[in-house]
Amino acid sequence: MASLMEALIDNLEKENEAYKRLLKLSMDKTPVIVSANLDELARITDDEQSIVNQINALDRKRQENMNDIANVINKDVNSLKVVDLIDILKGRPAEQNRLADIYDKLRDTLAQMKRVNEQNRQLIQDSLEMVQFDMNVLQAYKSAPETANYTSGAYSAGTYMGVEKGAFDAKQ
């Protein structure tokens, strides 16, 4: 059982390190989203995908470790949690402390990931709303009604209500 616990702890440490790398990329992504640098955003997203693939492999390995431990201690693998293992290890304080420590670190890293990802999600949402607003303004410009202004030759001037060409003053 000791080797199974050691394998689980090592795997959780590797998983935490992978999540820390993913967290750093997510934090790097925030200014890129703000600056709308799509090339850099694509690069970061590719790097994130690579790390997510590593995390998925580590997660499968962790699940295998949990299955093996559940079989040894004769517990249902679906109900066995790391917190339960921490309680079970009361007789071995060194392993218990190590497992509790990595569990807390992993939980903290995931909480930070959640916060940064929510911030990035909100930034992307705001950016999309701004693009939608700009598109609506452009669409409204094209659909504004023509005025009844005529040229000296009695032809329609072709101007639109509320829109004057050249009305933008760049000196302001």
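Numbers here simply count residues along the sequence, with the first being 1.
A salt bridge does not link Asp87 with Lys81: none of the charged nitrogens is closer than 4.0 Å to a carboxylate oxygen. In this structure, Glu40 pairs ionically with Arg43, as a charged nitrogen and a carboxylate oxygen lie closer than 4.0 Å. Ion pairing between Asp28 and Lys24 holds under the 4.0 Å rule for side-chain N and carboxylate O.
A donor atom on one side chain and an acceptor atom on the other are not found under 3.5 Å apart for Asp59 and Gln63.
Atom NZ of Lys20 is separated from atom CG of Leu110 by 11.5 Å, given to the nearest 0.5 angstrom. Between atom CD1 of residue Ile55 and atom CG of residue Leu22 there is a gap of 5.0 Å, rounded to the nearest 0.5 Å. We find the CG-OG1 distance between Asn16 and Thr109 to be 4.0 Å, quoted to the nearest 0.5 Å. Separation of atoms CD1 (Ile102) and CG (Asp10) is listed at 9.5 Å; rounding is to 0.5 Å. Here OG of Ser26 is found 12.5 Å from CD of Glu118. Values are rounded to the nearest 0.5 Å. To the nearest 0.5 Å, atoms CZ (Arg92) and CG (Asn97) are separated by 13.5 Å.
Cluster membership for Leu128 and Met135, using ILVMFWY side-chain heavy atoms within less than 4.5 angstrom, is not shared. By the criterion of side-chain heavy atoms lying less than 4.5 angstrom apart, applied directly or through intervening Ile, Leu, Val, Met, Phe, Trp or Tyr residues, Ile124 is not grouped with Val131; the two fall into different hydrophobic clusters. Transitive grouping of hydrophobic side chains (ILVMFWY, heavy atoms separated by less than 4.5 Å) brings Met5 and Val83 into a common cluster. Under a hydrophobic clustering in which Ile, Leu, Val, Met, Phe, Trp and Tyr are joined whenever their side-chain heavy atoms come within less than 4.5 Å, directly or via other members, Leu25 and Leu58 fall into different clusters.
Residues Leu12 and Leu99 come closest through the heavy atom pair CD1-CD1, 3.8 Å. Of all non-hydrogen atoms in Ile9 and Glu95, the two that sit nearest each other are CD1-O, 4.0 Å. Between Ile51 and Ala18, the closest heavy-atom pair is CG2-O, 3.4 Å. Contact detail for Ala7 and Asn65: the closest heavy-atom pair is O-ND2, 3.5 Å. When all heavy atoms are compared, the tightest approach of Arg62 to Leu8 is CG-CD1, 3.8 Å.
Judged purely by atom type and a 3.5 angstrom limit, Asp84 has no side-chain atom pairing as donor or acceptor with the backbone of Leu80. Distance alone, capped at 3.5 Å, places no donor-acceptor pair between the Asn120 side chain and the Ile33 backbone.
The side-chain hydrogen bond (donor to acceptor under 3.5 Å, both in side chains) check on Lys29 picks up Glu48, with sequence neighbours excluded.
For the side-chain hydrogen bond (donor to acceptor under 3.5 Å, both in side chains) with Gln49, the lone residue among Asn53, Asp46, Asp47 that qualifies is Asn53.
In this structure, Val77 shares a hydrophobic cluster with no other residue, the cluster being traced through Ile, Leu, Val, Met, Phe, Trp and Tyr side chains under 4.5 angstrom apart.
Within the structure, the salt bridge (charged side-chain N to carboxylate O under 4.0 Å, His left out) test picks out the following pairs touching residues 104-114 (sequence neighbours left out): Asp101-Lys105, Asp104-Arg107.
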Test salt bridge (Lys or Arg N to Asp or Glu O under 4.0 Å) on Glu17 and Lys14; report intermediate values, then the result. CA-CA 5 Å; Glu17 289 305 313; Lys14 290 176 185 174; over 6 Å; no

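Side-chain atoms of Glu129 and Phe133, non-hydrogen and from C-beta on, never get closer than 4.5 Å to each other.
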